[in-house]
Amino acid sequence: MPETVHSQSLPTASADTATRTDASRARTPNGASTRLLALPRPRLWALWGIVLAAAVVALGITVADVPGISTDELGVDQSLSRHHAALLTGVAMALNVLFGPVTGVLLIAAVALFLLLVRRAPVNAVAFGLVAVSGWAASEFFKVLVARQRPDSALLFDPLAPENGADSFPSGHVTFAVTLAFAVYFLARGTRRAKFAAVAGVVVVALVAWSRLYIGVHYPSDVAGSLLAGTAAVILVSGCWNWLAPRVWQRVPVNAVTRPFLP
């Protein structure tokens, strides 16, 4: 009789062990599906992030409050406004919509859902979304602090999308383009597409920056501040993510709800 009981208990023990092993394996980073569990960042990431953020504020306050700077910078917008061409205008206005808040949110959501549902990579989906959206959060934060007036569209020769208000510095479109470029590169990092993603990111950011001046809704220093703001946001988000994400990931329960989304 003891032998019978023993033989019946073995399958149960094996099943429990297999379940625990499977759960542990599901929570363990295993390549592409958890590539963004550790994001690249500088060694002194908190210091770098703070320094860059301080530089954005200093630049913004300077260009907003020092007399004559906005007037001089407006000349760049006016010069571009004199030479509008149909093809360039089409590109600039397309970028205006593509990197705007509504389309940008839809784009981030689409990529995040693809990573979650198709690639079964919840870590990558959340990390991508956080890095990409950090650009908007950063730009809105600095806009409130600086409160710089936008270029006066009445002074442009061909205003394409007149905008008013004290939210010129930095450019939300450019800041979002920067953080989106980083997010895409992080996804491609370690693959054959990494170099292409890096080059494409630089080109896209440059085009979006040009388009904001071409349309006449930002000053050159707004664009420069956006590059700093976006980089600062990515560094700070990456540092916080690397500290928090592995701890959360190890605590994700493996059950009927989470299993379809786990690698």
*Same cluster or not: are W48 and L236 linked, directly or through other Ile, Leu, Val, Met, Phe, Trp or Tyr residues, by side-chain heavy atoms under 4.5 angstrom apart?*
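Yes: a chain of side-chain contacts under 4.5 Å links W48 to L236.
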
*asked:* Would you say V126 ends up clustered with L107 if hydrophobic residues are merged whenever their side chains have heavy atoms under 4.5 Å apart, either directly or through other cluster members?
replied: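 Yes; V126 is reachable from L107 via cluster members.
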
In Å, rounded to the nearest 0.5 Å, how long is the span from [atom1] of [X] to [atom2] of [Y]?
| X | Y | atom1 | atom2 | result |
| --- | --- | --- | --- | --- |
| F169 | Q149 | CZ | CD | 14.5 Å |
| L227 | T175 | CG | OG1 | 8.0 Å |
| L156 | R82 | CG | CZ | 10.0 Å |
| E163 | N96 | CD | CG | 6.5 Å |
| L39 | C240 | CG | SG | 11.0 Å |

Would you say the side-chain atoms of [X] pair up with the backbone N or O of [Y], donor to acceptor, closer than 3.5 Å?
| X | Y | value |
| --- | --- | --- |
| W241 | P246 | no |
| Q78 | F157 | no |
| S153 | P159 | no |
| K143 | P170 | yes |
| S238 | I235 | no |
| S226 | S171 | yes |
| T103 | L98 | no |
| D158 | S81 | no |

*For S168, which residues count as a side-chain hydrogen bond (donor to acceptor under 3.5 Å, both in side chains) partner, sequence neighbours excluded?*
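Listed in chain order: D222.
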
*Can you list the residues that meet the salt bridge (charged side-chain N to carboxylate O under 4.0 Å, His left out) rule with R41, with sequence neighbours excluded?*
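Result, salt bridge (charged side-chain N to carboxylate O under 4.0 Å, His left out) vs R41: none returned.
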
*With sequence neighbours left out, write down each residue that passes salt bridge (charged side-chain N to carboxylate O under 4.0 Å, His left out) with E140, or none if nothing qualifies.*
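Scan of E140 (salt bridge (charged side-chain N to carboxylate O under 4.0 Å, His left out), adjacent residues dropped) gives none.
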
*Given the rule in the side-chain contact (heavy atoms from CB on, under 4.5 Å) test, do N242 and W45 qualify, once you have shown the distances and angles that lead to the verdict?*
CA-CA 11 Å; N242 286 0; W45 62 270; over 6 Å; no

Testing the basics here: between [X] and [Y], what is the closest heavy-atom pair and its distance to 0.1 Å?
| X | Y | result |
| --- | --- | --- |
| W136 | F99 | CZ2-O, 4.1 Å |
| L36 | A127 | CB-CB, 3.6 Å |
| D77 | E73 | OD1-O, 3.4 Å |
| I108 | V133 | CD1-N, 4.0 Å |

*Test log, rule side-chain contact (heavy atoms from CB on, under 4.5 Å), inputs R212 and V174*: CA-CA 8 Å; R212 306 314 286 162; V174 179; 3.7 Å; yes

Please tabulate, for side-chain N and O atoms in residues 49-70, each donor-acceptor pair with protein atoms closer than 3.5 Å (sequence neighbours left out).
{"unit_1": "T62", "atom_1": "OG1", "unit_2": "A58", "atom_2": "O", "d": "2.7"}
{"unit_1": "S70", "atom_1": "OG", "unit_2": "R148", "atom_2": "NH2", "d": "3.1"}

Could you tabulate the donor-acceptor pairs under 3.5 Å formed by side-chain atoms of residues 185-210, not counting sequence neighbours?
{"unit_1": "R189", "atom_1": "NH2", "unit_2": "A38", "atom_2": "O", "d": "3.1"}
{"unit_1": "T191", "atom_1": "OG1", "unit_2": "A188", "atom_2": "O", "d": "2.5"}
{"unit_1": "T191", "atom_1": "OG1", "unit_2": "R193", "atom_2": "N", "d": "3.2"}

*Using side chain to side chain contact (heavy atoms under 4.5 Å, CB included) as the criterion, list what pairs up with T89, not counting sequence neighbours.*
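Counting only residues at least two positions away or on another chain, T89 forms a side chain to side chain contact (heavy atoms under 4.5 Å, CB included) with H84, M93, L160, Y214.
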
